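As structure tokens, the structure follows; a few thoughts come after it.
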Amino acid sequence: MALFQRPRAPRPPIGHTLIASLLLIALALSACASSTSGGGASSTSAPIRIGFSITETGPDAAPAKFDLQGYQLGADTINAQGGLLGRKVQLVYYDDQGSASTAVQLYQRLITSDKVDLLVGPYQTDLTSAIAPLVTRYKMAMPAMAANLEPFSGRYPYLVQSITQTPRYMIPVIDLAATKGYKTLALLIQDTAFPLELAQGIKQEAAARGIRVVFEATYPADTNDFTALVLKAGAAKPDMIIGATYLADAEGIIRAARASNVNAKLFAFSIGPVEPEFGSALANAANGILGTTLWFPTLKTAGNAEFVQNFRAHFGRDPDYHAAMAYATMQALAAAVRMAGSLDQTKIRDAYLKLDLQTVAGEFKLNNLGQQLGYQAYVLQWQNGKQELVWPPAVATSPVQLPHPNW
């Protein structure tokens, strides 16, 4: 758990207790009126508090920590630029442990007990979907890094999507494969919301490109032995083995493929290969593996070089795309609040829908349902122990190395 509380005011002298009490009551009533009416910035100098839950423990903690650090650097940047509405911003966050039910409890606490002024979303689509009804009930505008489209289908009008749509994640991998003449693929899918929707996007793009799915299987999120699954995929002799995965299962599939000597011309996975832990865990086995990313340090997006430099200075490591998307979420939040000119949640929601903003992750632009239209995806590859951007060619840092060599 991590919570940044507002500092307690010093105790007034005894002789001024009554006057101070009356002043405090007046200030409280004024702040309450401003909060409910949305009539502009509060006169108080207290920070604007931004609440969220984040997965600090559990299997998804590694990418979620990048989200957290992106939020933190985003808040620091906003404050360095003078804050919002004449006030500093302050983060209030808790560990949801990757649990949807815990996330619901924590957002209830943030809204009703902590009474935060603004919200941003947690890591992972499943958690966003779980809290969406709550956020809607309280009419709190919330940018969420949930890639699936369902939460942004019109049912939850106060949610806005601040990451690339799930069906678009793997399009550049399929495009790359088509240029190589690859015709068949085996598709391995974790049985959770994001991978399942991603798999549909992969199959649609593959069909459009004349690529045939010769093997398809789902597996539970807690699977740790992928040997049988990989052997079945290999028996279909696909040109490609593609995983709709997170980090741990992407690593597990590669280990099983190498141990079982299951080969393909191309191996590609979502989420896993973008994380530095992927390379350190797999060592040489990571080389040649493709992954989809929504951002890269070398992209010439607005302010990207400065973002990378500041992230390294703050956290002692390079950012990944989760960090960049979280930072971009804070950029959009700041722009929406400034456009709204107040903390009125409906005005802020409407401001999000009007934004056409250049961020470190590219163009932030929504349709009228709050679905992200601006952001795109790229392909990276592990080469000689490090990540290289390989597709599309216009932004590549290195040529793609294919086919994948036999184990």
Side-chain angles (χ1 to χ4, degrees), residues 55 57-64 67 96-104 121-132 144-153 163-171 173-174 185-207 212-236 238 240-257 260 262 264 267-275 277-278 281 289-292 322 377:
T55 304
T57 55
D60 294 324
D67 275 1
D96 56 40
Q97 302 173 340
S99 163
S101 60
T102 300
V104 171
Y123 177 73
Q124 208 189 61
T125 289
D126 303 68
L127 274 60
T128 298
S129 296
I131 66 173
M145 288 183 291
N148 282 19
L149 292 177
E150 190 277 333
F152 311 97
S153 59
I163 199 166
T164 304
Q165 296 177 14
T166 296
R168 298 182 180 181
Y169 264 61
M170 278 286 185
I171 286 177
V173 168
I174 303 301
L185 74 86
L187 186 54
L188 310 179
I189 311 158
Q190 188 189 108
D191 192 12
T192 53
F194 165 74
L196 289 168
E197 185 163 311
L198 175 58
Q200 295 303 313
I202 293 170
K203 288 188 286 186
Q204 290 172 8
E205 186 67 14
R212 187 163 52 95
V213 177
V214 294
F215 177 82
E216 178 181 345
T218 59
Y219 54 87
D222 59 357
T223 300
N224 52 37
D225 185 351
F226 293 90
T227 303
L229 187 66
V230 165
L231 285 170
K232 290 177 182 178
M240 300 171 280
I241 294 178
I242 295 180
T245 57
Y246 286 100
L247 175 60
D249 48 336
E251 292 176 0
I253 291 168
I254 289 298
R255 289 193 182 98
S260 302
V262 171
F267 287 89
F269 302 88
S270 57
I271 308 298
V274 304
E275 304 303 335
E277 291 85 355
F278 185 84
I289 306 301
L290 302 178
T292 47
H322 296 94

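Keep in mind that the numbers below use all heavy atoms, side chains included, and drop hydrogens, waters and symmetry copies. Model, not experiment: these values are computed from the prediction. In this chain, numbering begins with 1 at the start of the sequence shown.
The two atoms that bring Asp96 and Pro122 nearest to each other are OD2-CB, 3.9 Å, heavy atoms only. Pairing each heavy atom of Ala250 with each of Thr245, the nearest pair is CB-OG1, 3.6 Å. Contact between Ser260 and Thr227 at its shortest, heavy atoms only, is OG-CG2, 3.7 Å. When all heavy atoms are compared, the tightest approach of Ala244 to Pro195 is O-CB, 3.2 Å. Of all heavy-atom pairs between Ala130 and Val104, the closest is O-CG2, 3.5 Å. For the pair Ala268 and Val173, the tightest heavy-atom approach, listed with the atom from each and the gap, is CB-CG1, 3.8 Å.
Note that OH of Tyr123 is 7.0 Å distant from CG of Asp67, once rounded to the nearest 0.5 Å. The OG1 atom of Thr55 sits 7.0 Å away from atom CD of Gln124, with the distance rounded to the nearest 0.5 Å. Rounding to the nearest 0.5 Å gives a distance of 5.0 Å between CD1 of Ile202 and CG of Leu187. One finds the OG atom of Ser101 at 9.0 Å from the CG atom of Leu127 (value rounded to the nearest 0.5 Å). In this structure, Asp126 CG and Ile131 CD1 are separated by 12.0 Å, a value rounded to the nearest 0.5 Å. Residue Met170 holds its CE atom at 8.5 Å from CG of Leu290, rounded to the nearest 0.5 Å.
In terms of modelled atom types and a separation under 3.5 Å, the side chain of Glu150 and the main chain of Ser129 share no donor-acceptor contact. Thr166 contributes a side-chain N or O that, together with a main-chain N or O of Ala147, makes up a donor-acceptor pair within less than 3.5 Å. The backbone N or O of Gln190 lies less than 3.5 Å from no partner atom in the side chain of Thr218, so there is not a single donor-acceptor pair.
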request  = Check step by step if side-chain contact (heavy atoms from CB on, under 4.5 Å) holds for Glu251 and Phe278.
outcome  = CA-CA 7 Å; Glu251 292 176 0; Phe278 185 84; 3.9 Å; yes
Stepwise side-chain contact (heavy atoms from CB on, under 4.5 Å) check, His322 with Glu275 = CA-CA 9 Å; His322 296 94; Glu275 304 303 335; 2.9 Å; yes
Evaluation steps, side-chain contact (heavy atoms from CB on, under 4.5 Å), between Thr223 and Leu229 = CA-CA 10 Å; Thr223 300; Leu229 187 66; over 6 Å; no
message = Please evaluate residues Asn148 and Thr128 with respect to the criterion side-chain contact (heavy atoms from CB on, under 4.5 Å), reporting the C-alpha separation (whole Å), side-chain torsions for both, the decisive distance (0.1 Å), and the verdict.
response = CA-CA 10 Å; Asn148 282 19; Thr128 298; over 6 Å; no
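A donor-acceptor contact closer than 3.5 angstrom is absent between the side chains of Gln97 and Ser99.
Taking the six-membered ring where tryptophan is involved, the planes of Tyr246 and Phe194 are tilted, since the angle between them lies from 30° to 60°.
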